[in-house]
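Right, one structure below, let's go through it.
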Amino acid sequence: MSETTETPNYKKSLNLPKTTFPMKANLVQNEPASLKRWGTLGEKKGLYHAMTETSAGRERFVFHDGPPYANGSIHLGHLMNKCLKDFVVRSKFMNGFDCPYVPGWDCHGLPIEHRVMTDLVESGKAAKLDGLSDDNRRMAVRRECKAYADKQIKLQRGQMERLLTVADYEDPYLTFEPRYEAGVLEVLAGLCEQGLVYKALKPVHWSVANETALADAELEYQDREDLSVYVDFEARDADAVYDAFGLEGDARPTATPSFMIWTTTPWTLPANLAIAVHEKFTYAMVRIDGNYTVLAQELIEGVTKLAKSEDVEVLATTTGDRLVGLGYVHAFRDAPPTPSGDPDADTSTCYTVVSADYVTLEDGTGLVHTAPGHGADDYQTGLKNGLPVYCPVRGDGTYDETVPEWLAGMSIWDANQKVADLLTESGHMFHAHTFMHSYPHDWRSKTPVIFRCTEQWFVGVDRETKRDGRSLRELALKATGEDRSVQYVPSWGRNRMRGMLESRPDWCISRQRSWGLPIPAFTLPDGGAFMTSASVLAVTEVIRAKGSDAWFTEDPATLLAHYDPTSDPDAPGVLKDGSVSFEQLTKGQDILDVWFESGSSWNAVMRQRSEGKDFPVQLYLEGSDQHRGWFQLSLLPSLGVMGRPAFRTLLTHGFMVDKDGKKLSKSSGASLKDLFERYGADVLRWWVSSLAYENDVKVDEEFFKNSGESYRKIRNTLRFMLSNLNDFDAPESLDFSGFHVHSIDAWVLGEYNTMRDAVVGAFEKYAFHEAHKLLYKFCNTTLSAEYLSAVKDRLYCDAPDSERRRNTQKTLWFLTDALCKLLAPVLCHTADEAYRALRGADPKDGSVCVHLTGFPERVKLESATGWPKVMELLEGVAKTIENARTERGIDNPLDLGVKLPDPEGMLKWFDRVDLADLLGVSRVEVGGDSVEVLDLREEPRCDRSWKRDGTVKRRADGGMLSDRDALAVGTV
RNA sequence: GGGCCUGUAGCUCAGUUGGUUAGAGCGCACCGCUGAUAACGGUGAGGUCGACAGUUCGAGUCUGUCCAGGCCCA
């Protein structure tokens with residue numbers, strides 16, 4: 001006790017770590033301050049602007065941001081998507097590229113219009129709108145939609161900036177802007193020029209009450225009582241049917257057999273054109289109460305029980321594929337209808353049995369009534385089999401003149417019973433009953449909807465382009481296939497994309513809505529459609545100047561002011577010869593599919609803003625659902641118009657799922673806003689960088705906690721390094737060539753070189769997960785556990801200006817600086833905070849900013865080739881020491897020394913103090929045959945460094961000191 | 001039902017062309033330090049690699065079937 005009071009207190013003579021860089025990050029408060037400070041950069045235009053200026057003239061790396069839909073707060077999906085994009089842009093910038101990032105929003109479309117309409121209906125304003133003219137009503141809706149979208153964009157933009165993403169938020173692309181709309185119409189014109197755009201009939205959900213097409217989101221399902229009918233259609237050729245069942249001789253009945261179909265919409269029977277069967281199902285020829293009929297074997301019992309049939313006998317069975325091609329006679333029509341506008345059309349495939357995969361055995365008869373004009377499946381089947389798209393129902397729900405006279409003009413709802421009665425009278429009705437089922441209704445009028453064919457615009461994927469005769473499908477398969485002009489990350493994206501391209505149908509690009517970009521098509525007085533490449537370009541000029549509202553507010557003559565039919569080879573003859581004037585044209589009512597708008601962004605944003613230079617762009621990056629969405633729907637227009645893909649690389653990420661791997665429900669999990677407030681953006685970004693994003697990503701509150709812990713490790717490492725640079729000014733040069741290659745500093749710089757190359761390489765291949773791990777390991781193991789714990793002694797105890805200490809500080813300064821730069825793309829707040837602390841930047845001086853620098857270079861110093869071997873040796877020795885400590889009960893490793901054998905003479909090159917510090921022991925001796933752990937407890941201990949290095953003795957100031965420490969405190 | 005993908009320690013992930021006893025981090029347990037301290041360092045225990053078959057001298061790795069999950073279609 002008395003000894004401790006007599007010896008000098010050396011603690012004050014140590015160079016202990018000291019820093020203002022706080023241990024607690026306080027991200028939630030401090031990140032907004034960083035944002036504000038970055039805002040002062042680039043002549044107050046902000047960080048993005050400053051980065052653009054810095055990188056001007058460098059090689060360009062063009063990333064193109066896909067537009068999120070402007071609706072609602074950003075969520076966990078956006079978190080991953082936007083962070084990954086930010087990592088790309090920031091790492092490319094740090095790696096020496098000029099990397100523009102124009103963010104965008106998808107602003108048109110049904111979700112917004114639907115939302116706005118709901119509000120209008122609830123507030124009672126919708127009724128007032130109904131009194132307005134068509135154009136005026138649509139303009140009113142469009143104004144409301146625009147205001148709503150503006151609000152959403154502002155909200156999302158703020159949240160994305162809070163995520164610390166850097167992009168040109170001052171000048172984003174918005175799909176409702178006139179310049180963007182013009183860019184989309186240019187693409188439409190280009191496709192018209194290639195002969196790919198056409199108009200055709202397609203069934204859609206149709207509200208009879210409002211006489212309008214409806215989207216899925218505008219349907220609500222309600223119970224409804226309908227008539228369920230089982231109808232026999234007589235075979236055209238009885239023998240052919242019996243042949244299919246293998247019924248020969250006496251077994252073959254003399255009566256004509258029928259095909260029994262089932263439907264709950266008898267009103268569509270006049271439009272019946274085919275019967276669909278499944279090729280693999282088993283069908284039976286059954287005698288039911290004296291009649292011969294075909295139905296699926298599995299359903300015989302159900303159907304006959306329902307009808308209370310008494311005499312049921314199966315004569316034979318066959319498979320569906322044997323029935324395909326057989327003809328039948330319609331129950332109440334003499335001949336197939338001739339499709340409108342084409343009296344010479346081939347109707348030979350009508351009234352035959354066709355094959356379809358969607359036929360099920362769940363209900364009905366296994367033979368499906370097919371009316372291509374009244375059902376989506378039926379339509380596809382019709383296309384495959386060359387059936388006309390026949391729809392005898394008018395917009396108001398009444399039949400036109402093409403149906404039998406007794407139905408013409410009748411409402412389809414009345415027709416249900418009428419058709420059933422007639423079928424019963426004529427003996428075709430096997431059974432009829434009423435039943436309840438869930439049926440789609442119009443969300444506004446609450447009335448049942450029907451499927452009805454309407455004229456729609458399409459982009460044909462199998463039509464020959466005028467350029468070289470190759471179709472979009474051919475071009476797309478070539479571009480995604482052997483041609484290899486598109487790279488995929490991960491590589492299976494290629495297969496997925498190809499699978500979809502092989503089977504996709506023509507693209508229906510028209511919608512019957514208000515909130516969107518009008519398709520600039522006109523109707524001629526004779527009812528024909530008029531839209532050519534030149535006419536679209538002419539209207540484009542008006543829309544570029546006045547926006548798409550002009551379509552609703554201007555008349556056809558004004559819209560076509562720039563159009564000259566006499567110089568347009570595709571113009572209709574009546575316009576060319578002047579027999580029809582522009583005033584006689586009617587404007588089309590359709591708008592473009594929003595996917596067409598976003599799918600044209602390569603032109604409307606990238607080409608437009610770079611005068612055509614940024615095409616194709618280097619990278620598109622979105623969730624894997626966009627293989628079918630934005631990726632494919634950008635690919636097709638760019639192939640059509642430009643003849644090549646809009647992108648060189650497609651990078652996809654997976655989806656967020658819950659901790660059990662299940663789909664994330666809307667209500668589950670914390671909102672992103674809560675996560676910001678609890679963890680701060682850097683922790684969330686750190687988490688995103690750790691993800692194997694190509695797969696599904698599990699997300700749970702706990703993961704953010706873990707990420708926060710992991711973040712703190714990085715932060716503490718930076719803090720410890722900063723705190724040991726307290727008395728060190730920025731080095732004049734970062735030349736380490738004077739360093740001894742066997743020094744511990746050279747070792748860590750060698751480790752740095754390896755890590756640095758690996759991290760930069762990982763960023764280059766978008767392997768952020770890999771960069772994350774490398775950086776974490778370097779901070780945690782290489783620095784914290786190895787280098788820093790070894791150099792603590794010299795940092796604390798050496799004389800402040802000793803060369804050894806200053807060399808280590810120079811190394812530390814360099815490593816801290818380098819780490820900040822390597823971490824900057826991910827931990828953008830913390831990296832900048834540490835970078836500024838390293839330089840002692842004034843809090844108000846934003847000009848000191850890591851984000852305007854670049855990735856650090858390799859150090860031009862090769863550490864001694866013996867280091868890996870030495871480190872391996874030391875690792876083994878550390879185990880031996882650990883064992884010796886437990887065996888001999890020595891708690892403090894500084895009470896130990898080690899004697900190392902050196903048979904190869906390798907150790908003589910290395911500093912024994914370095915080796916001792918790496919092992920955490922007081923001294924290392926070389927010699928002997930095996931590793932020997934020395935108990936030094938009997939040797940004197942330095943009061944200052946606590947080491948027993950063999951030089952410790954009583955000094956003039958009265959303390960027990962080693963030579964080094966005596967020198968440091970200036971005693972002898 | 002179809003296309004693409006995933007399934008390795010409690011959790012998050014590595015595992016090259018099939019080849020010793022399947023690795024890392026987190027978490028956990030224990031220990032040390034108290035001059036990085038709401039920090040730091042060390043040691044250790046955890047796995048029949050989704051299941052079942054097959055190919056092979058040898059399979060986490062190749063093939064098939066099945067189970068569970070995701071995205072996109074139908």
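For the pair A:His653 NE2 and B:C4 P, the computed distance is 22 Å after rounding to whole Å. The distance between atom CE of A:Met500 and atom C1' of B:A74, rounded to the nearest whole Å, is 13 Å. In this structure, the CD atom of A:Glu702 is 8 Å from the C1' atom of B:G27, given to the nearest Å. Rounded to whole Å, atom C1' of B:C71 lies 12 Å from atom CZ of A:Arg628. Taking atom CG of residue A:Asn15 and atom P of nucleotide B:A36, one finds them 13 Å apart after rounding to whole Å. As a whole-Å value, the separation of A:Asn716 CG from B:G41 C1' is 13 Å. Spacing between atom CZ of A:Phe655 and atom C1' of B:C5 amounts to 13 Å, rounded to whole angstrom units.
A salt bridge is defined here as a Lys NZ or Arg NE, NH1 or NH2 lying under 4.0 Å from an Asp or Glu carboxylate O, and A:Arg937 with A:Asp935 meets this definition. A salt bridge links A:Asp917 to A:Lys947: at least one charged side-chain nitrogen sits closer than 4.0 Å to a carboxylate oxygen. Ion pairing of A:Arg888 with A:Asp895 is absent here, as no side-chain N (NZ or NE/NH1/NH2) approaches a carboxylate O to less than 4.0 Å. A salt bridge links A:Arg712 to A:Glu709: at least one charged side-chain nitrogen sits closer than 4.0 Å to a carboxylate oxygen. Salt-bridge check for A:Asp914 with A:Arg794: passed, with a basic side-chain N closer than 4.0 Å to an acidic carboxylate O.
Taking atom P in both B:C40 and B:A36, the straight-line distance is 11 Å, to the nearest Å. Separation of the C1' atoms belonging to B:G54 and B:A68 is 23 Å when rounded to the nearest angstrom. On the P atoms, B:C66 is 12 Å away from B:G3, given to the nearest whole Å. Taking atom C1' in both B:G19 and B:A59, one finds a spacing of 10 Å when rounded to whole Å. On the P atoms, B:A22 is 42 Å away from B:A38, given to the nearest whole Å. Atom name C1', nucleotides B:G23 and B:A14: the rounded distance is 7 Å, in whole Å. Using atom C1' as the reference point in both B:G69 and B:G27, the two lie 25 Å apart (nearest Å). Spacing between B:A9 and B:G50 at atom P, rounded to whole Å, works out to 8 Å.
Between the side chain of A:Thr717 and the base of B:A36, no donor-acceptor pair under 3.5 Å is found. A donor-acceptor contact under 3.5 Å is formed by the side chain of A:Arg496 with the base of B:C71.
Among B:G32, B:A36, B:C26, the nucleotide with an atom closest to any side-chain atom of A:Phe720 is B:A36. Closest approach to the A:Glu709 side chain among B:G35, B:C40, B:G27 is made by B:G27 (side chain taken as heavy atoms from C-beta onward). Out of B:A74, B:U12, B:C5, the shortest distance to the side chain of A:Lys698 is found at B:U12. Of the candidates B:G41, B:C72, B:G25, the closest approach to any side-chain atom of A:Asp625 belongs to B:C72. Checking B:U43, B:C40, B:C72 against every side-chain atom of A:Lys879, the shortest atom distance belongs to B:U43. Considering only the side chain of A:Asn695, B:C5 comes nearest among B:C5, B:G27, B:U37. In this structure, the nucleotide among B:C11, B:G32, B:G41 sitting nearest to the side chain of A:Phe703 is B:C11. Candidate nucleotides B:U43, B:G69, B:C40 were compared by shortest atom distance to the side chain of A:Glu882, and B:U43 ranks first. The listed nucleotides are B:G69, B:U34, B:U37; the one nearest the side chain of A:Asp696 is B:G69.
In this model, the phosphate group of B:A36 is approached by a side-chain N or O of A:Tyr796 to a distance below 4.0 Å at OP1 or OP2. Look at A:Lys663 and you'll find a side-chain N or O under 4.0 angstrom from OP1 or OP2 of B:C71. Taking side-chain N and O atoms only, A:Lys662 has no distance below 4.0 Å to OP1 or OP2 of B:G70.
In this structure, A:Arg715 reaches neither bases nor backbone, as no heavy-atom distance under 4.0 Å exists between it and the strands shown. Residue-level contact check: A:Asn780 touches the backbone only, with heavy atoms under 4.0 Å from sugar-phosphate atoms and none from bases. Across all strands, A:Lys705 comes closer than 4.0 Å to no nucleic acid atom at all (heavy-atom distances). Within the nucleic acid shown, A:Asp377 comes within 4.0 Å of sugar-phosphate atoms alone, with no base atom in reach, counting heavy atoms only. Looking at heavy-atom distances under 4.0 Å, A:Lys11 makes contact with a base. Residue contacts shown for A:Met497 are absent, as no nucleic acid heavy atom lies under 4.0 Å away. Counting any heavy atom pair closer than 4.0 Å across all strands shown, A:Lys773 reaches sugar-phosphate atoms only and no base atom. Across all strands shown, A:Ser624 has heavy atoms under 4.0 Å from sugar-phosphate atoms exclusively, and none from any base. Note on A:Thr886: nothing from the nucleic acid sits closer than 4.0 angstrom, heavy atoms only.
Of the two residues contacting RNA chain B, namely A:Ala785 and A:Ala692, the nearest-nucleotide position lying further toward the 5' end is that of A:Ala692. Taking the nucleotide of RNA chain B with the nearest heavy atom to each of A:Cys797 and A:Gly493, the more 5' of the two is matched to A:Gly493.
Below 30°, between 30° and 60°, or above 60°: for A:Tyr679 and A:Phe704 the angle between ring planes is between 30° and 60°, a tilted geometry.
Aromatic ring centres of A:Phe703 and A:Trp687: separated by at least 6.0 Å.
Figure legend. B:A68 is base-paired to B:U6; pairs are counted as Watson-Crick or G-U wobble with both atom distances under 3.5 Å. A 3.5 Å limit on both hydrogen-bonding distances identifies no Watson-Crick or G-U partner for B:A22. Of all nucleotides present, only B:G42 satisfies the Watson-Crick or G-U wobble test against B:C30, with each distance under 3.5 Å. Using N1 to N3 plus N6-O4 or O6-N4 for Watson-Crick, or N1-O2 and O6-N3 for G-U wobble, each under 3.5 Å, B:U61 pairs with nothing. Both distances falling under 3.5 Å, in either a Watson-Crick or a G-U wobble arrangement, occur for no nucleotide opposite B:U48. Across all strands shown, B:G1 forms a Watson-Crick or G-U wobble pair, both distances under 3.5 Å, with B:C73.
Between the side chains of A:Asp593 and A:Trp507, at least one donor-acceptor pair of N or O atoms lies under 3.5 Å.
Using a 4.5 Å cut-off on side-chain heavy atoms (C-beta onward), A:Leu76 and A:Leu675 make contact.
You cannot call A:Tyr10 stacked on the base of B:G35; the centres under 5.5 Å and planes under 30° rule is not satisfied.
For A:Glu875, the CD atom sits in a loose shell: 12 or fewer heavy atoms of surrounding residues, nucleotides or ligands are nearer than 6.0 Å.
In this entry the base of B:G42 is anti relative to its sugar, with a glycosidic angle more than 90° from 0.
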